[in-house]
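Written below as structure tokens is the structure these notes are about.
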Amino acid sequence: MPSQAKLEYDKLPYPTVIVVGGGFAGLEVVQGLANKPFKVLLLDKQNHHCFQPLLYQVATASLGADSIAHPFRRTIGPMPNVAFRMAEVHGVDPERKVVFSTIGELHYDILVLALGSTTNFFGNTAMEHHAMQMKSISQALDIRSDFLQEFEAAIALNEESAVRRCLNFVIVGAGPTGVELAGALAEIKRSVLRQEYREMESELMRIVLIDSNERVLKNFSEKASANAQRYLAELGVEVRLEVRVMGGDDERIHLSDGSQLETNTVIWAAGVKGVTIPGLGPALNERASRYAVDRTNAVVGIPDVHIIGDCALMTEDPEWLRGHPQVATVAIQQGRHLVSNLIRRASGKPSLPFTYVHKGSMAVIGRRKAVVDIGQRSFGGTFAWLLWMFVHVIQLVSFRNRIMVLVNWAWKYLSWKNTIRLIIRPYVRKTSIAPAEVA
Ligand SMILES: Cc1cc2nc3c(=O)[nH]c(=O)nc-3n(C[C@H](O)[C@H](O)[C@H](O)COP(=O)(O)OP(=O)(O)OC[C@H]3O[C@@H](n4cnc5c(N)ncnc54)[C@H](O)[C@@H]3O)c2cc1C
């Protein structure tokens with residue numbers, strides 16, 4: 001028997017907007033269309049939004065998963081014209097205006113795809129199979145369990161080579177994600193390991209950051225890169241540049257310079273590619289693995305389909321002719337812009353073109369150091385770190401909408417006295433599982 005709220009939602013006399021993906025881009029659309037003359041249906045394969053920029057803190061046990069995730073139902077609770085279904089979409093038929101999902105076929109008048117991105121292994125199948133990834137909460141929790149399990153394993157071993165293999169942590173990709181993760185692991189070595197794993201020789205722990213480019217943070221200014229590399233060196237992170245990971249298994253990786261590294265843990269942070277689903281073939285740019293869109297995020301030649309965020313490729317914004325970076329600020333701005341265009345169109349006005357406003361780039365390296373590029377200015381050190389904290393705390397608080405989050409977050413982040421270094425769901429390597437289970 002349907003509830004009164006469901007009956008009222010079903011009867012809404014407005015066009016149905018299906019939003020697939022409640023990440024930064026999709027959620028911005030949902031929030032913007034709340035209480036507007038649209039019947040909005042949010043579909044996501046997860047039941048929560050994930051604040052990906054702080055995933056590395058969950059992975060390194062600085063924050064609990066609940067600090068950076070928020071259930072969609074809590075967000076849409078006060079929005080009578082918005083419904084949520086937890087469902088994976090696996091196709092679109094633009095002729096019939098339907099999406100195919102795990103809960104069946106759903107009709108739309110307007111479709112907004114905000115599917116985000118996934119890890120790009122660039123065809124390195126060995127790494128695809130053996131390396132860990134950090135794109136979702138469950139993957140971050142896997143990393144957390146893994147490094148804690150490696151510490152526990154190392155403490156019980158006597159043979160030095162086996163201990164070293166447990167304590168060698170390799171991160172591939174020295175972009176912001178890799179750099180931030182390496183810095184956080186190095187902080188663990190400096191503080192937690194010495195205090196809580198007293199019987200272990202903490203100096204045996206190595207954090208190796210590998211990248212094929214000639215500098216870390218290659219999309220930042222040269223000054224920011226140099227500062228980041230200096231901070232990483234101060235923290236004891238070994239940075240190996242201009243070298244590629246060619247392959248490996250559960251115990252070692254092989255590098256393009258002919259060397260190999262014994263390790264149980266490789267975390268792949270070397271690239272992303274847009275998530276795509278069947279049905280919009282002509283719009284798919286296969287090389288970029290993103291959907292080509294015009295300046296209004298519409299798919300040319302396919303009416304009423306809009307694509308925003310990481311999976312969209314817009315090459316007409318004058319400053320970004322090769323497409324926008326796959327970052328949250330682009331996703332948020334595109335979502336916001338699409339809302340204003342949908343409202344304009346509903347009142348008979350033409351859509352306006354999107355222009356990305358780049359506000360700067362920042363990355364944090366350890367607990368007191370960060371690098372920031374804003375316009376032509378680049379700075380690092382404690383002030384950059386405070387700015388990074390301020391920006392992320394503000395974003396988190398507006399996203400969770402609770403001042404207590406700020407207090408909890410600051411306490412957990414600033415002290416090592418949190419108690420979340422827990423192995424609740426042990427990480428099981430894919431290769432330890434029978435092939436049938438992996439498939
Ligand atoms: C570790 C990490 C750190 C980052 N740090 C920063 C940073 O510091 N600053 C910054 O600006 N950006 C950062 N980014 C990038 C930023 O998080 C992304 O650019 C942003 O999340 C893109 O937003 P989106 O809405 O396009 O996709 P997402 O936020 O990824 O959301 C996509 C949503 O779609 C859902 N979905 C996907 N496929 C389907 C399907 N078939 N059916 C149903 N649902 C589906 C997913 O469950 C997800 O909820 C970081 C990313 C990562 C992984």
Side-chain angles (χ1 to χ4, degrees), residues 18-30 41-60 68-72 75 84-92 99-103 106 112-120 132-140 143 171 173 175-181 184 217 219-220 267-279 290-291 297 307-313 324-336 338 356 358-364 370-372 388 391-392 395-396 399:
I18 291 189
V19 180
V20 188
F24 285 98
L27 210 54
E28 199 65 29
V29 174
V30 168
L41 176 61
L42 170 64
L43 302 174
D44 200 298
K45 59 185 177 178
Q46 312 279 357
N47 80 334
H48 57 265
H49 172 87
C50 167
F51 192 86
Q52 291 177 9
L54 293 179
L55 269 176
Y56 81 94
Q57 292 200 4
V58 173
T60 51
I68 69 157
H70 197 54
F72 292 125
T75 308
F84 167 69
R85 294 288 179 272
M86 186 168 153
E88 180 157 5
V89 171
H90 46 78
V92 187
V99 295
F100 307 109
S101 79
T102 44
I103 55 165
L106 299 159
V112 178
L113 287 184
L115 303 165
S117 53
T118 183
T119 307
N120 192 350
M132 305 183 81
Q133 310 173 39
M134 198 176 60
K135 284 292 290 176
S136 66
I137 299 259
S138 59
Q139 290 171 346
I143 294 174
I171 300 162
T177 299
V179 163
E180 292 182 342
L181 190 58
L217 299 179
N219 292 329
F220 284 55
I267 302 163
W268 188 269
V272 295
K273 58 181 180 182
V275 173
T276 59
I277 50 176
R290 291 164 92 179
Y291 290 110
N297 283 95
I307 303 185
I308 51 177
D310 277 7
C311 63
L313 181 67
H324 299 107
Q326 285 158 298
V327 293
T329 39
V330 171
I332 291 168
Q333 289 180 30
Q334 288 188 344
R336 206 167 285 164
L338 180 60
Y356 173 49
H358 181 57
K359 293 181 179 155
S361 307
M362 48 177 72
V364 67
V371 290
V372 173
W388 176 90
V391 167
H392 285 79
Q395 283 176 347
L396 251 193
F399 140 75

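Both ligands and their constituent atoms are indexed starting at 1 by order of listing.
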Task: Close-contact set for ligand 1 against Gly23 heavy atoms, below 4.0 Å - done: 25 (O), 28 (P), 29 (O), 31 (O), 33 (C), 49 (O)
Open item on the list: Below 3.5 Å, N or O to N or O, backbone or side chain included: is there any such pair between Ala331 and ligand 1?
Closed with: no
Task: Non-hydrogen atoms of Ile332 and Phe24 that approach each other most closely - done: CD1-CD2, 3.7 Å
Open item on the list: What protein heavy atom lies closest to atom 44 (N) of ligand 1? Include the residue and the distance to one decimal.
Closed with: Lys45 N, 3.2 Å
- [ ] Examine ligand 1 and decide if any of its atoms is less than 4.0 Å from a heavy atom belonging to Ala87.
- [x] yes
TODO: With atom 26 (O) of ligand 1 as the reference point, say which of Asp310, Val364, Ile307 has the nearest heavy atom.
DONE: Asp310
TODO: Check whether any side-chain N or O of Thr102 sits under 3.5 Å from a backbone N or O of Glu88 as a donor-acceptor pair, and report yes or no.
DONE: yes
Task: Atoms of ligand 1 close to Ala25 [distance to a heavy atom under 4.0 angstrom, numbered from 1] - done: 25 (O)
- [ ] Compute the minimum heavy-atom distance from Pro176 to ligand 1 and say whether it is under 4.0 Å.
- [x] no
Open item on the list: Which of the numbered atoms in ligand 1 are under 4.0 angstrom from any heavy atom belonging to Gln46?
Closed with: 47 (O)
Open item on the list: For atom 42 (N) of ligand 1, is there a protein heavy atom at a distance under 4.0 Å?
Closed with: yes
Open item on the list: For atom 30 (O) of ligand 1, what's the nearest protein heavy-atom neighbour? Residue, atom name and distance, please.
Closed with: Gln52 NE2, 3.0 Å
Task: Nitrogen or oxygen atoms of Asp44 and ligand 1 under 3.5 Å apart - done: yes
TODO: For atom 27 (O) of ligand 1, find the nearest protein heavy atom and state the residue, atom name and distance (0.1 Å precision).
DONE: Gly116 CA, 3.1 Å
TODO: Side-chain contact test, heavy atoms from C-beta onward, threshold under 4.5 Å: evaluate it for Phe100 versus Pro278 and give yes or no.
DONE: no
TODO: Give the residue, atom name and distance (to 0.1 Å) of the protein heavy atom nearest atom 10 (C) of ligand 1.
DONE: Ala328 N, 3.4 Å
- [ ] Kindly compute the distance separating CG (Leu313) from CD1 (Ile307), expressed to the nearest 0.5 Å.
- [x] 10.5 Å
Task: Which of the ligand 1 atoms, numbered from 1, are nearer than 4.0 Å to a heavy atom of Lys135 - done: 53 (C)
TODO: Report yes or no: does Arg290 contribute a side-chain atom to a donor-acceptor pair with the main-chain N or O of Cys311 at less than 3.5 Å?
DONE: no
Task: ligand 1-proximal atoms of Gln326, by part, heavy-atom distance under 4.0 Å - done: backbone
Task: Gap between atom OG1 of Thr329 and atom OH of Tyr356 - 0.5 Å precision - done: 3.0 Å
- [ ] With heavy atoms of Thr177 as the reference, note each atom of ligand 1 found under 4.0 Å away.
- [x] 1 (C), 2 (C), 3 (C)
TODO: Taking the side chain as every heavy atom from C-beta outward, state whether Asn219 and Pro325 have any atom pair closer than 4.5 Å.
DONE: no
Task: Shortest protein heavy-atom distance from atom 38 (N) of ligand 1, along with the residue and atom involved - done: Leu115 CD2, 3.7 Å
- [ ] Could you tell me which atoms of ligand 1, counted from 1 in the order shown, lie closer than 4.0 angstrom to a heavy atom of Val89?
- [x] 40 (C), 41 (N), 42 (N), 43 (C)
Open item on the list: I need the atoms of ligand 1 closer than 4.0 Å to a non-hydrogen atom of Thr329, numbered in the order shown.
Closed with: 11 (O)
Open item on the list: Suppose we measure from atom 13 (C) of ligand 1 to each protein heavy atom; which comes out shortest, and what is that distance?
Closed with: Pro53 CG, 4.0 Å
Task: ligand 1 N/O within reach of Glu88 N/O, cut-off under 3.5 Å - done: no
Task: Approximate separation, where rounding is to 0.5 Å, of Met134 CE and Glu180 CD - done: 8.0 Å
Open item on the list: If I compare all heavy atoms of Leu42 with all of Phe72, which pair ends up nearest, and what's the gap?
Closed with: CD2-CD2, 3.8 Å
Open item on the list: I need the Lys45 NZ to Ser136 OG distance, nearest 0.5 Å.
Closed with: 8.5 Å
Open item on the list: Looking only at protein heavy atoms, which one is nearest to atom 34 (O) of ligand 1, and what is the separation?
Closed with: Gly21 CA, 3.2 Å
Task: Pair Phe51 and His49, ring centroids less than 6.0 Å apart - done: no
Open item on the list: I need the Asp44 CG to Arg85 CZ distance, nearest 0.5 Å.
Closed with: 14.0 Å
Open item on the list: If the cut-off is 4.0 Å to any non-hydrogen atom of Gly309, which atoms of ligand 1 fall inside it?
Closed with: 26 (O)
TODO: To the nearest 0.5 angstrom, please state how far the CG atom of Leu181 sits from the CD1 atom of Ile171.
DONE: 4.0 Å
TODO: Please determine if Met134 has a nitrogen or oxygen closer than 3.5 Å to a nitrogen or oxygen of ligand 1.
DONE: no
Open item on the list: Is any side-chain heavy atom of Gln333 closer than 4.5 Å to one of His324?
Closed with: no
Task: Identity and separation of the nearest protein heavy atom to atom 21 (O) of ligand 1 - done: Phe24 CD1, 3.1 Å
Task: Side-chain (Trp268) to main-chain (Gly173) donor-acceptor, under 3.5 angstrom - done: no
